[in-house]
Amino acid sequence: MIQPRTLKGFRDHLPAQALARERVLDIARRVYRSYGFAPIDTPALEYLEVLTGKGSDETDKQLYRFTDHGGREVGMRFDLTVPFARFAAQHVNELGLPFKRYHMATVWRGENTQRGRYREFMQCDFDTIGTTSGVADLEMVLVVHDLLAAIGIERFSIRVNDRRVLAGVLERLGLADRATGVLRSLDKLAKAGAEAVAAELAGQGVAAEAVAALLEMARLAGPPAEVLAGLATLVGDSATGRAGVAGLEEIVAGAAAVGVPANRLVIDPSIARGLDYYTGIVLESFLDDLPSLGSICSGGRYDNLAGLYTKQPLPGVGASLGIDRLLAGLEELGQGTTVETPAELFLAYFEADRLPDYLRIAAALRRAGLAVEFFPEPKKLGQQLKLAAKRGFRGALIIGGEEFATGTAQLKNLATHASTTIDWHGDVGVLVDAVCSCRAGLDAV
RNA sequence: GUGGCUGUAGCUCAGUUGGUUAGAGCAUCGGUUUGUGGUACCGAGGGUCGCGGGUUCGAGUCCCGUCAGUCACCCCA
């Protein structure tokens, strides 16, 4: 016997999880499309050079790579941004600019696993390329907000910052050349605490005054207006820094104009993001009830997405929803789904010799747009109902010998145990109409 | 990749200083009830104690390795 098992960091998805995942995918698709983002797809496998070109050592280490049967060095995509850069460079002339796309697909990273951190997981990206307009930046924030709200998350926050603000402050402190290390340390503030970050910065040779200034910046908190005022002071007359502050002001104003609740949008100067290709706005979002899970949706603006693959400058802005991490978080918070069936109505199989009638009824209901599961065996009714309730069906249709004889049917609400009698006089069309008109009632439960 | 913690039925866990055929609750299946599921009663199935090796007369219990999960570093969705 071969032991059935899955690889570290790779998971099976049972119906309850798969249905929850597809629900979120459907919502993401709807929200992205509502802003005009168009779907694209790219191969899971790319030439290794396409994936490693821009990669830091870290991403190179995490790449699943091998030599294919034709002797080509290939790698599995570890995000959707790099393949998109290649895609954009290859197809700009057919796409036209600006171009907005969404891409929901599986990616692979050979790193160590943790809660909400897997080796195979799905990302739901959306990006706008070919424009440097602040409108696109604002739209990214709005899409993220609409997305998380539509999924039904009650408490979440979108934390926004701008790399230019960070650059401006560093410039003033004379640390511009050490940006990467300093930002990496600041990024840990929430997790490690101020003291640890201060120590780490000092260890990098940052002067005490500069450390104090950096911490003052990173710890700015409160209403966006106050944080922005604080940042404006810290940035001084640095042109880059002022541009960053102005950009954030636009975001705050735009979000307010559209009606984004103020408590969901936070200006957080400690958000830096490790990826060094971000150049403007950066964004991370968290479940307020489970911040330790990490960011569930992150993104930002980059000056030149595809510089490695084309001479044409392609600025852009976009973000990525980590659907597997999000679902792990929702499940941990008890907000997961328990429904195990995609069908709405359960049709009990009762009278063995009435099979043709059952089939006819099921077919008619399906033609009317209802998802119907017909139980395949004429087992005891109690057993059938028990299974149907466990699976999460909203309603069960019961038609036995008595009902056939009197031209009636029982429509049972499996959540409330209440059942209503339908008179259909043997006319399937009447039955279908009656069931459909009760459907709203079932949905409401 | 490095280090810490964990690993007993589908799930949550018991299992005394290593000592006879490894237990409970929930879940599952069957019955009481060959037409009505959340209660009750009766019964059943299900465990190579993650896996492999070692120490021992004897290991779920100790040691080593390995796999998996988890936490930290790192990085990130």
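Being a predicted model, the structure only gives us computed values, none of them experimental. The chains referred to below are lettered A, B, ... by the order of the sequence lines, with proteins before strands, and numbering in each begins at 1.
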List the atom pairs, with distances to 0.1 Å, where a side-chain N or O of residues 7-19 of chain A and a protein N or O form a donor-acceptor pair under 3.5 Å, not counting sequence neighbours.
from: A/R11; atom 1: NH1; to: A/Y118; atom 2: OH; distance (Å): 3.4
from: A/R11; atom 1: NH2; to: A/D324; atom 2: OD1; distance (Å): 3.0
from: A/Q17; atom 1: OE1; to: A/L14; atom 2: N; distance (Å): 2.9

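- Residues satisfying the ring-ring contact (aromatic ring centres under 6.0 Å, His included) test with A/H417, not counting sequence neighbours, are none.
- Among the nucleotides B/U70, B/C75, B/G69, the one closest to any side-chain atom of A/K8 is B/G69.
- Annotation: ring-ring contact (aromatic ring centres under 6.0 Å, His included) contacts of A/F404 (sequence neighbours excluded): A/Y358.
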inquiry  = For RNA chain B, please output the secondary structure as dot-bracket, reading 5' to 3'. Pairs are Watson-Crick or G-U wobble, both atom distances under 3.5 Å; mark crossing pairs with [ ], other-strand partners with |, unpaired with a dot.
reply    = (((((((..((((.....[...)))).(((((.......))))).....(((((..]....))))))))))))....
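- Residue-to-nucleotide contacts include no donor-acceptor pair under 3.5 Å from the side chain of A/R115 to the base of B/C71.
- Remark: A/Q62 is not in phosphate contact with B/C76, judged by side-chain N or O atoms under 4.0 Å from OP1 or OP2.
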Can you tabulate the close N/O pairs, meaning under 3.5 Å, that link protein atoms to atoms of nucleotides 2-6 of chain B?
from: B/U2; atom 1: O4; to: A/N112; atom 2: ND2; distance (Å): 2.7

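- Separation of the C1' atoms belonging to B/G23 and B/U16 is 14 Å when rounded to the nearest angstrom.
- A side-chain N or O of A/E73 and one of A/T67 form a donor-acceptor pair less than 3.5 Å apart.
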key: Nucleic acid footprint by protein, nucleotides 37-50 of chain B - heavy-atom cut-off 4.0 Å, B for base, S for sugar-phosphate alone   = BB------------
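- Residues passing the side-chain hydrogen bond (donor to acceptor under 3.5 Å, both in side chains) test with A/R65, sequence neighbours excluded: none.
- Screening residues 143-171 of chain A for ring pair (Phe, Tyr, Trp, His ring centres under 6.0 Å), with sequence neighbours left out, gives A/H145-A/F156.
- Pairs passing the side chain to side chain donor-acceptor pair (under 3.5 Å) check and including a residue from residues 347-356 of chain A, sequence neighbours excluded, read A/R354-A/D357.
- A heavy atom lying under 4.0 Å from RNA chain B marks none of the residues of residues 13-21 of chain A.
- Every ring-ring contact (aromatic ring centres under 6.0 Å, His included) that A/F393 has, sequence neighbours left out, goes to A/F346.
- A donor N or O paired with an acceptor N or O is found under 3.5 Å between the base of B/G35 and the side-chain atoms of A/E403.
- Sorted by first then second residue, the salt bridge (charged side-chain N to carboxylate O under 4.0 Å, His left out) pairs that include residues 125-152 of chain A, not counting sequence neighbours, are A/K100-A/E139, A/R101-A/D125, A/R101-A/D127, A/D137-A/R301.
- In terms of phosphate contacts, A/R5 brings no side-chain nitrogen or oxygen within less than 4.0 Å of OP1 or OP2 of B/A68.
- The separation between A/L80 atom CG and B/A77 atom P is 11 Å, rounded to whole Å.
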